[in-house]
Amino acid sequence: MTQVRVRFAPSPTGVLHLGGARTALFNWLWARHTGGKFLLRIEDTDRERSTEESARAIADELRWLGLDWDEDPVIQSSRLPEHIAALEKLIQQGRVYKCYCTPQEREAMREQALAEKRTVLYDGRCDGKPDDPTQPFVWRFRMPRSGETVFDDLVMGRVVTPNAEIEDIVIARSDGSPLYNFVVVIDDAFMGITHVIRGKDHLTNTPKQIQIYQALGLSVPQFGHLPLILGLSKRLRSAGIGAYQEQGYLRDAVNNYIARLGWSHGDKEIFSQAELVELFDLANVNRSEGALNLEKMEWINQQHLQACTKERLAELTQPFLAQKGVEARADARLAAACETRRTKCRTLVEMADSVAFYFVADEALTYEEAAAAKHLVPRVRELLAGLGQALSSVPDWSEPALQAAVSGYCDLAGIKLKEIAQPARVAFTGSETGPGLYEMMVVLGKTSTVARLERASRA
RNA sequence: GGCCCCAUCGUCUAGCGGUCUAGGACAUCGGCCUUUCACGCCGACGACACGGGUUCGAGUCCCGUUGGGGUCGCCA
């Protein structure tokens, strides 16, 4: 069997949204799984809407997802000479004809078809008309009038379309510029694409394209049409992958989630990128469309967060801290800080929020009003002062030693741990929630621990 | 409206004729753990859209109905 060659072919008219990312991912996975090539083609033949900025943004987002391509991207607009040559071949073969119909004529055809409850199709009235050099025209590709076009879709199964339902499509505008359904065929053939994996919105284009492949004498690739993602609100629909990155999602989590939407491997939910490559198979892609569930995506992100080493966690969290204006290096201390919060966070934004308290100056820590009012009451403040003193003489600043020191202090003061645990937490974090007491003190260090207790005692 | 595709818990899904009184995950609701919040663990709730066939036997195959989606551009 020849090597698999697949492509992702976005039009550079915006950012890479979730649906496009999933199409790219499935192509990439199929290439990596089979040892094939994953290629990129920028479909910028719509000059009105395409921008280089968008092409760059999409490339950046693909890179962030780890979906690397194997050859230089093909810029579709640069292939115009080849497209024109192919058109000329079809002209010579007599496979295309000039259509002089006006928009009004086409609209009238459409309305009549609707009124008669027929398929809206161009009726071929210009086929065979004599040339009229005074009128503008478009080139139409003549489809077979009978028979059917059949292909076995890798995802949808056998798709049969009666040829009478396939319209004679316009393949070149009146200015001579070629159109999508035509150039996509030429370029896929040129790039040696073996499997066209794309959104299901292209399903009805496929028989048209197959007819063009055949007319041009090109070998027809295999097709796989992915069900679309439902339930995307307008906001979600326009959100690019960059938005998920900013919200603190991990690249592997995003890939895991969108892969799992429409594809599965038994009951397995969490996949690393490597596992995805190993286990992905087009045969296990669902035919039915799925809806987005952000809560599950957060959960998956959390699972991936759990799987990170603490050093990696520190690296990932550091930029999010910087964005909050918290100065912290991705060093062992940040790693230790993240470790105390890892099970609590679903995103890196949450992680940054929840470890920030470690890195503010002791005197600059702000207390949540309700927490301070509830816990930093006069009697408790005395206890905190005493605890601070007791801890200042702990020689071995480790969790077991701290645990012993705290419970020793509780015995001495005749109180239960419960009575002082929450107040101490408020003293350390400014809030009622936070890491375990002893692990937190270890990361905070003796100086800050004592200073924060002392400060809380006089708050 | 024509054509095409799809149809299992609220959501993502397992299921590829008998092992299904339908399994897992998210969410929800209980409980355990516990110095907080979580994590983890245990449990509850909850689905084969409907109607006909085929078959000894159907969530699994066929047909119809209903519902959802796509498409019908001198966009891609």
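These numbers come from the heavy atoms of this one structure, side chains and all, not from hydrogens, waters or symmetry mates.
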Name the closest nucleotide to the [X] side chain, picking from [options].
X: A:E295; options: B:C6, B:C37, B:C26; answer: B:C26
X: A:E43; options: B:U35, B:A76, B:C5; answer: B:A76
X: A:T119; options: B:U35, B:A38, B:C3; answer: B:C3
X: A:V159; options: B:A76, B:G2, B:C4; answer: B:C4
X: A:A291; options: B:C12, B:G70, B:C37; answer: B:C12
X: A:L230; options: B:G69, B:G1, B:G40; answer: B:G69
X: A:T433; options: B:A14, B:U35, B:C37; answer: B:C37
X: A:K200; options: B:C5, B:U11, B:C75; answer: B:C5

| Is there a donor and acceptor pair, one atom on the side chain of A:S174 and one on the base of B:C74, closer than 3.5 Å? | yes
| query | Is there a donor N/O on one and an acceptor N/O on the other, under 3.5 Å, for the side chain of A:D267 and the base of B:G23? | reply | yes
Take the protein atom [atom1] of [X] and the nucleotide atom [atom2] of [N], then report the distance between them rounded to whole Å.
X: A:D411; N: B:U35; atom1: CG; atom2: C1'; value: 15 Å
X: A:E289; N: B:G69; atom1: CD; atom2: P; value: 9 Å
X: A:Q422; N: B:U34; atom1: CD; atom2: C1'; value: 11 Å
X: A:R118; N: B:U71; atom1: CZ; atom2: P; value: 22 Å
X: A:K296; N: B:A25; atom1: NZ; atom2: P; value: 9 Å
X: A:Y180; N: B:U71; atom1: OH; atom2: C1'; value: 13 Å
X: A:N181; N: B:C74; atom1: CG; atom2: C1'; value: 13 Å
X: A:R341; N: B:C37; atom1: CZ; atom2: P; value: 11 Å

Just call it for [X]: base, sugar-phosphate, or nothing, with non-hydrogen atoms closer than 4.0 Å on any strand.
X: A:L203; answer: sugar-phosphate
X: A:G157; answer: nothing
X: A:T343; answer: base
X: A:H225; answer: nothing
X: A:R47; answer: nothing
X: A:E269; answer: base
X: A:V120; answer: base
X: A:G434; answer: base
X: A:Y257; answer: nothing
X: A:E432; answer: base

For [N] and [M], measure between their [atom1] atoms and round to the nearest Å.
N: B:C29; M: B:G46; atom1: C1'; answer: 12 Å
N: B:C48; M: B:U11; atom1: P; answer: 12 Å
N: B:C20; M: B:C3; atom1: C1'; answer: 37 Å
N: B:C41; M: B:U55; atom1: P; answer: 48 Å
N: B:C63; M: B:U54; atom1: C1'; answer: 11 Å
N: B:G59; M: B:G2; atom1: P; answer: 32 Å
N: B:G73; M: B:A14; atom1: C1'; answer: 41 Å
N: B:C72; M: B:G23; atom1: C1'; answer: 42 Å

| For RNA chain B, whose closest nucleotide is more 5', that of A:G266 or that of A:E439? | A:G266
| said: By nearest heavy atom, map A:R287 and A:A172 onto RNA chain B; which one lands nearer the 5' end? | reply: A:R287
| query | Is any side-chain heavy atom of A:Y367 closer than 4.5 Å to a side-chain heavy atom of A:H375? | reply | no
| field | Heavy-atom side-chain contact between A:L294 and A:M297 under 4.5 Å | value | yes
| query | Under the 3.5 angstrom rule, does the side chain of A:R452 hit a backbone N or O of A:G388 as a donor-acceptor pair? | reply | no
[X] side-chain N/O to [N] phosphate OP1/OP2 under 4.0 Å:
X: A:R260; N: B:A14; result: no
X: A:R173; N: B:C75; result: yes
X: A:N286; N: B:A14; result: yes
X: A:T45; N: B:A76; result: yes

| said: Just checking A:R312: does its CZ atom have more than 12 heavy atoms from other residues, nucleotides or ligands closer to it than 6.0 angstrom? | reply: no
| Ring centroid separation for A:F141 and A:W139, is it under 6.0 angstrom? | no
| request: Determine, using ring centers only, whether A:F8 and A:W28 are less than 6.0 Å apart. | output: no
| query | Can A:R125 and A:D168 be said to form a salt bridge (charged side-chain N to carboxylate O under 4.0 Å, His left out), step by step? | reply | CA-CA 10 Å; A:R125 65 179 62 174; A:D168 289 353; over 6 Å; no
Using purine N1 to pyrimidine N3 plus N6-O4 or O6-N4 for Watson-Crick, or N1-O2 and O6-N3 for G-U wobble, both under 3.5 Å, which nucleotide pairs with [N]?
N: B:G30; answer: B:C42
N: B:G51; answer: B:C63
N: B:G1; answer: B:C72

| request: Apply the test side chain to side chain contact (heavy atoms under 4.5 Å, CB included) to residues A:L25 and A:I258: give CA-CA distance (whole Å), side-chain angles for both, the deciding distance (0.1 Å), then the verdict. | output: CA-CA 8 Å; A:L25 175 65; A:I258 59 183; 3.7 Å; yes
| salt bridge (charged side-chain N to carboxylate O under 4.0 Å, His left out) partner of A:D188, chosen from A:R79, A:R7, A:R198 | A:R7
| request: Begin from the C-alpha positions of A:K296 and A:E269 and carry the test salt bridge (charged side-chain N to carboxylate O under 4.0 Å, His left out) through to its verdict. | output: CA-CA 10 Å; A:K296 182 145 187 181; A:E269 296 282 354; 3.3 Å; yes
| task | Would you sort out whether A:E339 and A:R342 count as a salt bridge (charged side-chain N to carboxylate O under 4.0 Å, His left out), showing the intermediate values? | result | CA-CA 5 Å; A:E339 189 59 43; A:R342 77 182 315 149; 2.7 Å; yes
| So which of residues 100-117 of chain A are in contact with RNA chain B, with a heavy-atom cut-off of under 4.0 Å? | A:R106, A:L114, A:K117
| said: What's the separation between atom CD1 in A:I210 and atom CG in A:N205, rounded to the nearest 0.5 Å? | reply: 11.0 Å
